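Written below as structure tokens is the structure these notes are about.
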Amino acid sequence: MKYYSTNKQAPEASLQEAVVKGLAPDKGLYMPEKIKQLPQSFFDNIEDMSFQEIAYVVADAFFGEDIEADTLKKIVYDTLNFDVPLVHVDKNIYSLELFHGPTLAFKDVGARFMARLLGYFIKKQGQKDVKVLVATSGDTGSAVANGFLGVEGIHVYVLYPKGKVSAIQECQFTTLGQNITSLEIDGTFDDCQALVKSAFMDDDLNKALNLTSANSINVARFLPQAFYYFYAYAQLKKQGKANKVVVCVPSGNFGNLTAGLIAKRMGLPIEHFIAANNANDVFFEYLETGEYNPRPSVQTLANAMDVGDPSNFARILDLYNHSHEAITNEIEGYTYRDEAIQNIVKYTYDRTGYILDPHGACGYAALEDGLRTDETGVFLETAHPTKFLDTVESILSRKVEIPAKLQAFMKGEKKSIELPVDFSAFKNFLLKEAN
Ligand SMILES: *Cc1c(COP(=O)(O)O)cnc(C)c1O
């Protein structure tokens, strides 16, 4: 299958080129040229299939032409070695818990899939020295570092802002060792991202090193997120609740929601989607007004959604031929400030005993506000609440137990290399790594 750029100014790419390059040369995002409709027989029996079986059918529709069946199946099954349970929270509202992977956030799915696919292509090309650069405000670094841990031929550099990620998140990428190096940058997340961008544009670095990126721009990270929408539907169907399904996605860069829109295009019977925003609500504004005005992000309690210019907006526009009407027919929007997030975490816990994380809280709140009584609502619970321990404990005024899997990270020894916000220092560091 070929991949085209959303800017339509670059040649079509093979899957391998799209995955290795990440961004198209015209700075557009790659999109699959075909979105295959899955047969009715698949949906008829979906409730009897396992998550891995369902995901393989979906993966085959995108990647089957380019990867041998055995290899693709192994990549899918290895990626999804954990469950994504659908948990009833209240009334007609369910939580799709995407936090049962190794780093307890949904990004594990895309990062693990991408690591395996890139590892496969690199081996095929006989490359041994690919360097993945990733800037993180928390969750991306841990999912990417853990996804790529031990993958041959790839070294990962995680750039993170010193003192600005939670202690638990920091442990998740600084204690791994092996092919993972953490760079503690004396600046903000934006500074980290700017260093990574400058590195990709630097001729000397590109001559000396095979650089690539692992953010949600990459098709290998973004498309696999479609898998769990099908599995959520299967779990609802098993309970006879799959008649009028509405899915709500707490959104930042909008990769997760876009994967859901693609699942619907493949025939998944979802009535419509709800995009939940925090105070960074340029997408919400777009839905309301038809105008898109990106602006610098502000810090909120749901920090993984603090994005002022979501990169996957370009994919949503492309999917609907830039029609505001078509977009608002399928996507509704809601937005919540920090105070509302705090209230919903507290209120939901008091009513139901369910502990939301600040991102899932936006999703839950939007279903409370937007769902009709004859519909069934699913919100994506994108991270385990203890990844935001201080916030959640202070809202609930109680201790919350940290899962053993998360505690295990905290026992490791932190190793990082401190760098200033200075491109020439970063460049010299990378050039030394080349030798
Ligand atoms: C990354 C992230 C999001 C936002 O997902 P997008 O695909 O960028 O919209 C939401 N919640 C959590 C916990 C995340 O880590």
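The model shown is predicted, which means the values in this text are computed figures rather than measured ones. Order of listing sets the numbers, starting from 1, for every ligand and every atom in it.
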Protein N/O near ligand 1 N/O, under 3.5 Å, which pairs?
from	atom 1	to	atom 2	distance (Å)
ligand 1	7 (O)	G255	N	3.2
ligand 1	7 (O)	N256	N	2.9
ligand 1	8 (O)	N253	N	2.8
ligand 1	9 (O)	G252	N	2.7
ligand 1	9 (O)	N253	N	3.3
ligand 1	9 (O)	F254	N	2.8
ligand 1	11 (N)	T382	OG1	2.8
ligand 1	15 (O)	K107	NZ	2.5
ligand 1	15 (O)	D139	OD2	2.8

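- For S416, the side chain to side chain donor-acceptor pair (under 3.5 Å) criterion is met by E184, not counting sequence neighbours.
- Aromatic ring orientation, Y231 versus F51: parallel (interplanar angle below 30°, classes split at 30° and 60°).
- Every residue meeting the side chain to side chain contact (heavy atoms under 4.5 Å, CB included) condition with Y349, not counting sequence neighbours, appears here in chain and number order: I355, L396, R398.
- A salt bridge links E285 with R295: the closest approach of a Lys/Arg side-chain nitrogen to an acidic carboxylate oxygen falls below 4.0 angstrom.
- Under the 3.5 Å distance criterion, with hydrogens and angles disregarded, no donor-acceptor pair is assigned to the side chains of K73 and Q52.
- S5 is linked by a side chain to side chain donor-acceptor pair (under 3.5 Å) to D26, counting only residues two or more places apart in sequence or in another chain.
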